[in-house]
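Here is the structure we will look at.
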Protein chains: 2
Amino acid sequence: MQTVKQRVQALRAKMREHGVHAYLIPSADPHQSEYVPPCWQRRPWISGFTGSMGDVLVTLNDAGLWVDGRYFLQADAELKGSGIRVFRMGQPGVPSLPEFLEKNLVKGQVLGIDPQTLSIRRSREIELALKAAGTGFVSLSKNLVDAIWMDRGELPSDEVMALPTRFAGESVASKLARVRKEMKARKVDAHFISALDGVAWLLNLRGRDVPFNPVLISYVLVTANSAVLFIDPRKVPAAVGRTLGNSVELRAYGDVAAALQELGREKKRVWVEDTSVSRWAADLLSGADLVTDLSPVTLMKSRKNDVEVQGMRAAHLRDGAAMCRFLCWLENTIGTTKVTEISAADRLEEFRRTGEHFQGLSFRTISGYADHGAIIHYSVTPETDVPMRAAGLYLIDSGGQYLDGTTDITRTVLLGKKATAEQKDRFTRVLQGHIRLGRVRFPQGVTGGRLDVLARAALWSVGLDYNHGTGHGVGSFLNVHEGPRTISANKDTGLPIEAGNIFSNEPGYYKPGGYGIRIENLVLVKQNGVTGENGLPYLEFETLTVCPIDTRLVEPKLLEAEERAWLNAYHKDVYRKLAPQLDAKERGWLKRACQGI
Amino acid sequence: MQTVKQRVQALRAKMREHGVHAYLIPSADPHQSEYVPPCWQRRPWISGFTGSMGDVLVTLNDAGLWVDGRYFLQADAELKGSGIRVFRMGQPGVPSLPEFLEKNLVKGQVLGIDPQTLSIRRSREIELALKAAGTGFVSLSKNLVDAIWMDRGELPSDEVMALPTRFAGESVASKLARVRKEMKARKVDAHFISALDGVAWLLNLRGRDVPFNPVLISYVLVTANSAVLFIDPRKVPAAVGRTLGNSVELRAYGDVAAALQELGREKKRVWVEDTSVSRWAADLLSGADLVTDLSPVTLMKSRKNDVEVQGMRAAHLRDGAAMCRFLCWLENTIGTTKVTEISAADRLEEFRRTGEHFQGLSFRTISGYADHGAIIHYSVTPETDVPMRAAGLYLIDSGGQYLDGTTDITRTVLLGKKATAEQKDRFTRVLQGHIRLGRVRFPQGVTGGRLDVLARAALWSVGLDYNHGTGHGVGSFLNVHEGPRTISANKDTGLPIEAGNIFSNEPGYYKPGGYGIRIENLVLVKQNGVTGENGLPYLEFETLTVCPIDTRLVEPKLLEAEERAWLNAYHKDVYRKLAPQLDAKERGWLKRACQGI
């Protein structure tokens, strides 16, 4: 097995062969996915960094990984000795990737890219930065990592399933009609959809091609009177084909290139969302008039319909029961039988697996004991796994995919008898942030970035913060990270929050080498019945997640009266909803866990 | 005297003469000022709307005024019967000016503009919108309003004064050196400054050309070894010329056009801030390589130095004493002697006038009794003036210019014996917003827009809001509205708040036809001694404004314990600082006003 150093050297040889002075290996695949199938996991292969986001740039004599705050510690650990430097994005004095390129490529040198791995928007940003420096990039038709990756696998060929309308809440015909209405309003001839969750949502299909995200590798091209699904035909069972009927035509995955070129030749007006469609597709469309705005599919998908909302609530009841069984088991096992980070995560998965409609996890469980909890996206491996003792804090961030919904929950629990004053102070401030954001009411028109401060102010007041966003969108039996909105100041897309959106609410605090705290519930946006003076409705969050928050870690004196009332009301509700699903022993545990403070 | 209708008709005749189908009359002057000298007040003249911001568009058969939320009620009142429609910016279904142009100009029709009255940025926005609609604009060398405005005045020719370094805190030489350092870093040959407060700050000059803003009509052109002030030479007394010395060359105001053309001809690289430099200047610079980023002067001016900070604190002590004398006088006079909105404002000005270093008001006093208080930027006239009774609420928003600082304060006071429960509820929620924003601590890197929600959440929680920003920057014996930062989600420029910035903190609530509430203090940004994990300092606000807040309007039950503590501590501080400046009667009033709740 090659080392990372050897792989990077082999890549440099290929770079010289192709006359490029730098080569970019982003996380993304041709669909700009966050989670990608193994054969497209080039960035982890070349660098050894396994986080879900991060770009590697290799030059002839240097190499760097750009990661955000969630991955600073993990990147340091995983890249040790690799010769690849970690660039901590957003930290003072750290150049962004475009800035680094601007400084390190001299006139006449070029960056090599695989245009399938960059969105239209990102490729343009990089193009601009390089232009400013008097350099440029070349699109290489073959991926240079693929050229040196000998045992790279094949594209997955698992069968896809049709999601019945009783889970999806809307027929494919209805969704296509709504998309075509938007297309007509924008006067486009075609809409090309490359985002895998967009395809899955639009055609009520689900797949197993990517870990954790129930998507299928495919593209869709919609026109006024046709919808073509480009997909490996082996993946579509006859029954699914029948379900799609005459309204959706199937063509081979590889045929998409010719279809795009034809639209370009015919100078059609084509809608391609510039954050999810690749530069490769845009180049093939050369000659077409491109509309690069957000896809209507992205927006429609983010507004959950009534069936999806009911499904989400139901899935959360099952998921909450699994979490309770797990927490009860953990409390009774720690200190008597050996439990490690991995065995705990496995046990939780077993509890989830018994739930109706369970399809798998919605992301790799973050199971972090003590100082591992401070690694924001800690991914436990057999090498890092540790036994957990009856002392300190344990952070578990996990979720399930159910036919009727997707869950994502983080709880931080005390394993010892007593928390330190510092731990209680930090936990209570994180909880305050969680409650203040959860309780806010706001007029329609407000973006998520404007609310972010509510989750941070209690930490800020004592000079503390967390280096990640406060919330992300969540799909409905789809991706656990779903665009286009976030509750994050830096990633605010300017899109107002709307009724039907689902977000995570997950402030945290991380003490490197010490412990990590995060409290995460999913929340549903809904109207609260009040209308503002301008006639627009007011919105509020309904908490979907049903699971106790460890009150042994709360310092009641720090809470405002209304915050304490929120916590007690939440626990009353949790008990009422979960008790009927639990056995006597678990119910006893739940009763104690839900006691008022 | 012509009516507005007659003026608009006369303008349309001129428009036909010049072959334009629409004509834009923005508020701005060639320096993109908010307050403009009378001879450049074309928009008020053509429309009758006297607010500080608002753009008029006249087409051959329609006319509209675009105003923001502060001016909705005032615009309705002032434009009644004028034939000019009010477009409420930001309200659902109301087209923006570019959207209106896109829809209402058909192919082949053109918009006429005076390129002096549009910034580079705005002109480009309008250009894009028109291009999308297949139309365009023509720059007319003569302003069409000027062509029909017979009794238009001359440009002011008042003398300017040099602001001693003991008030400015930094010499002109030092400021020029810092600007040149930034110019060198950006590799520009010249920096052209058109913003009047920028010129005044850079050259430590103050003038009387514009109501309320102590600026001088002029431009500055800085190169590596020269600085040219373009100004009517009659305005510069010999002593001021001597103070400027050899480092600043004086040239006639009108010479600026030739100077810009020369830079263009020589293909120089020129820094022109695109929000404050006019399209006219950019066109003259044709041929030059333009850097359009924020001017270093704009940024430096916004970071008050120690002398300016001390001056601001001192000016606020004097200003607070004037406010107290006024509020004491008002309480003792209302119900016994006739007081009107105008006479009250005049009385307050008299109290201010006795303060050391007083130079005039910093803006037209907003003196609004009862329902007039609900007009956010109410500008009382002899026609609207009303006597005030010993009942209801009174809102007064006012400020002074002092040699050592600029003030801006709003207080809402109860004139009757008892407030209604609704008034107390609203007042307390506004106060909560004011306190929550005032108490926040935050890491360096945070923008003002992110903090805005803190001032609104208490109102939002019951479906209420205010239709204006929460805070604006304030100059140091300069413009009371100073860029580039605001505490406003919609106008967030993305620039992090920095130590030395001064903002207003002014949430409000307005009940049309009922009453208005606003509580405004100025706050100074400073480090609080805490350093975050990323090495950047934490910041907090120091309250500069010293004047009691009417506790008779507070509902204590609504306040959190810490909010009540803030209010009591503030009043203790106000009493300590102001009592020594007041006579026995006023001191007695202050003592009662500052009592704890």
Side-chain angles (χ1 to χ4, degrees), chain A residues 69 72 88 90-94 436-437 439-467 488-490 492 494 496 509-512 527-540 557-563, chain B residues 69 72 88 90-94 436-437 439-467 488-490 492 494 496 509-512 527-540 557-563:
Chain A
F72 289 168
R88 299 179 163 221
Q91 295 300 292
V94 176
R436 288 177 190 174
L437 177 60
R439 290 185 62 224
V440 70
R441 296 165 183 180
F442 52 97
Q444 192 165 303
V446 170
T447 64
R450 288 181 66 180
L451 303 180
D452 173 80
V453 63
L454 297 170
R456 297 185 194 266
L459 287 161
W460 283 357
S461 73
V462 292
L464 304 174
D465 199 358
Y466 50 94
N467 205 343
S488 167
N490 303 329
D492 197 332
Y509 169 73
Y510 309 93
K511 185 172 181 168
Q527 297 188 7
N528 73 352
V530 173
T531 304
E533 279 173 12
N534 59 5
L536 291 179
Y538 269 70
L539 303 172
E540 65 183 16
K557 275 184 300 193
L558 274 178
L559 291 180
E560 303 280 4
E562 294 193 333
E563 292 161 1
Chain B
F72 289 168
R88 297 179 163 221
Q91 295 300 293
V94 176
R436 288 177 189 173
L437 177 61
R439 289 185 64 223
V440 69
R441 294 165 183 181
F442 52 97
Q444 192 165 304
V446 170
T447 64
R450 289 180 66 179
L451 303 180
D452 174 80
V453 63
L454 297 171
R456 296 186 196 267
L459 286 161
W460 282 357
S461 73
V462 291
L464 304 174
D465 199 358
Y466 49 93
N467 205 342
S488 167
N490 303 328
D492 197 334
Y509 169 74
Y510 310 92
K511 184 171 182 168
Q527 298 187 7
N528 73 352
V530 173
T531 303
E533 279 173 12
N534 59 3
L536 291 179
Y538 269 70
L539 303 173
E540 65 182 17
K557 276 183 297 193
L558 275 178
L559 291 180
E560 303 278 5
E562 293 194 332
E563 292 161 0

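Values in this document were obtained by computation on a predicted structure and should not be read as measured data.
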Which atom names give the shortest non-hydrogen contact between R450(A) and A489(B), and what distance separates them? NE-CB, 3.0 Å

Heavy-atom pairs under 4.5 Å with chain B are the metric here; pick the option from G532(A), A457(A), P92(A) that has the most. P92(A)

Quick one: salt bridge (charged side-chain N to carboxylate O under 4.0 Å, His left out) partners of R436(A), sequence neighbours excluded? E563(A)

So, do V446(A) and W460(B) sit near enough that their side-chain heavy atoms are less than 4.5 Å apart? yes

Contact origin within R456(B) toward chain A - heavy atom pairs under 4.5 Å: side chain

Identify which part of Y538(A) has an atom lying under 4.5 Å from any heavy atom of chain B, answering side chain, backbone, both or neither. side chain

Options V453(B), V530(B), V440(B), ranked by heavy-atom pairs under 4.5 Å with chain A, top entry: V453(B)

Does any backbone or side-chain atom of D452(A) lie under 4.5 Å from a heavy atom of chain B? Answer side chain, backbone, both or neither. side chain

Under the criterion side chain to side chain contact (heavy atoms under 4.5 Å, CB included), which of D465(B), L459(B), L464(B) is the partner of P443(A)? D465(B)

Side chain, backbone, both or neither: which part of F72(A) has an atom under 4.5 Å from a heavy atom of chain B? neither

List for me each residue that meets salt bridge (charged side-chain N to carboxylate O under 4.0 Å, His left out) alongside E562(A), sequence neighbours excluded, and say none if there are none. R439(A)

